[in-house]
Colleague: 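Got a structure for you, written out below as structure tokens; questions coming shortly.
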Amino acid sequence: SLLKGNDQGVILQVWAMGADLRIGPAGSVTNNSGLRISVGLPVVNLPMIRVGVASRLQFVREKQVNAVVHWVIWGRHPY
């Protein structure tokens, strides 16, 4: 990968299918905490974050229904 640790910022876009879910730092997000991503929402654009932080995000389903998370990471690479 051309992305290195904390060197670069990335933009993360997420959306949910099947059920609502939560996103947050690994180990601290539960089905009652974290940023809620609802099935009815369009694509949610998170603010730019460092690669090292983005690699430690965790997705948790809100209910006992299997949620599917779709995500896209946008990054800039100097050439």
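These numbers come from a predicted model, not from an experiment. For reference, positions follow the sequence shown, starting with 1.
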Colleague: Any salt bridge (charged side-chain N to carboxylate O under 4.0 Å, His left out) pairs touching residues 64-74, not counting sequence neighbours?
Modeller: none
Colleague: I would like to know whether Lys63 and Asp20 meet salt bridge (Lys or Arg N to Asp or Glu O under 4.0 Å); could you show each step before the answer?
Modeller: CA-CA 8 Å; Lys63 299 178 181 172; Asp20 295 347; 5.8 Å; no
Colleague: With rounding to the nearest 0.5 Å, note down the distance linking CZ in Arg22 to OG1 in Thr30.
Modeller: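 Rounded to the nearest 0.5 Å, the CZ-OG1 separation comes to 7.5 Å.
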Colleague: Tell me, with the steps shown, if Val69 and Ile37 meet side chain to side chain contact (heavy atoms under 4.5 Å, CB included).
Modeller: CA-CA 9 Å; Val69 62; Ile37 308 294; over 6 Å; no
Colleague: CH2 of Trp74 to CG of Leu46: how many Å apart, nearest 0.5 Å?
Modeller: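 It is 14.5 Å, given to the nearest 0.5 Å.
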Colleague: Is there a donor in the side chain of Trp71 and an acceptor in the side chain of Gln13, or the other way round, less than 3.5 Å apart?
Modeller: no
Colleague: Please report the interatomic distance CD1(Ile49) to CZ(Arg56), rounded to the nearest 0.5 Å.
Modeller: 10.0 Å
Colleague: Less than 4.5 Å apart, side chain to side chain, heavy atoms only: is that true for Leu57 and Leu12?
Modeller: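 SC-SC contact between Leu57 and Leu12 confirmed.
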Colleague: Using only atom types and a distance under 3.5 Å, with no angle test, would you say the side chain of Gln58 pairs donor to acceptor with the backbone of Gly27?
Modeller: yes
Colleague: Do Arg61 and Asn31 have a side chain donor and acceptor closer than 3.5 Å?
Modeller: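 Note: Arg61 and Asn31 side chains miss the donor-acceptor criterion.
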Colleague: Where do Leu21 and Val68 come nearest, in terms of heavy atoms and distance?
Modeller: CD2-O, 4.1 Å
Colleague: Is there a donor-acceptor contact under 3.5 Å from the side chain of Ser38 to the main chain of Gly40?
Modeller: no
Colleague: Taking the side chain as every heavy atom from C-beta outward, state whether Val14 and Phe59 have any atom pair closer than 4.5 Å.
Modeller: yes
Colleague: Report the residues that fulfil side-chain contact (heavy atoms from CB on, under 4.5 Å) with Ser55, sequence neighbours left out, ordered by chain and then residue number.
Modeller: none
Colleague: Check the surroundings of atom CE in Met17: do more than 12 heavy atoms from other residues, nucleotides or ligands lie under 6.0 Å from it?
Modeller: no
Colleague: On a heavy-atom basis, which atom in Ser33 and which in Ser28 lie closest, and how many Å separate them?
Modeller: OG-O, 3.4 Å
Colleague: Under 4.5 Å between side-chain heavy atoms, counting indirect links through other Ile/Leu/Val/Met/Phe/Trp/Tyr residues: same cluster for Ile23 and Leu41 or not?
Modeller: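 Linked within one cluster.
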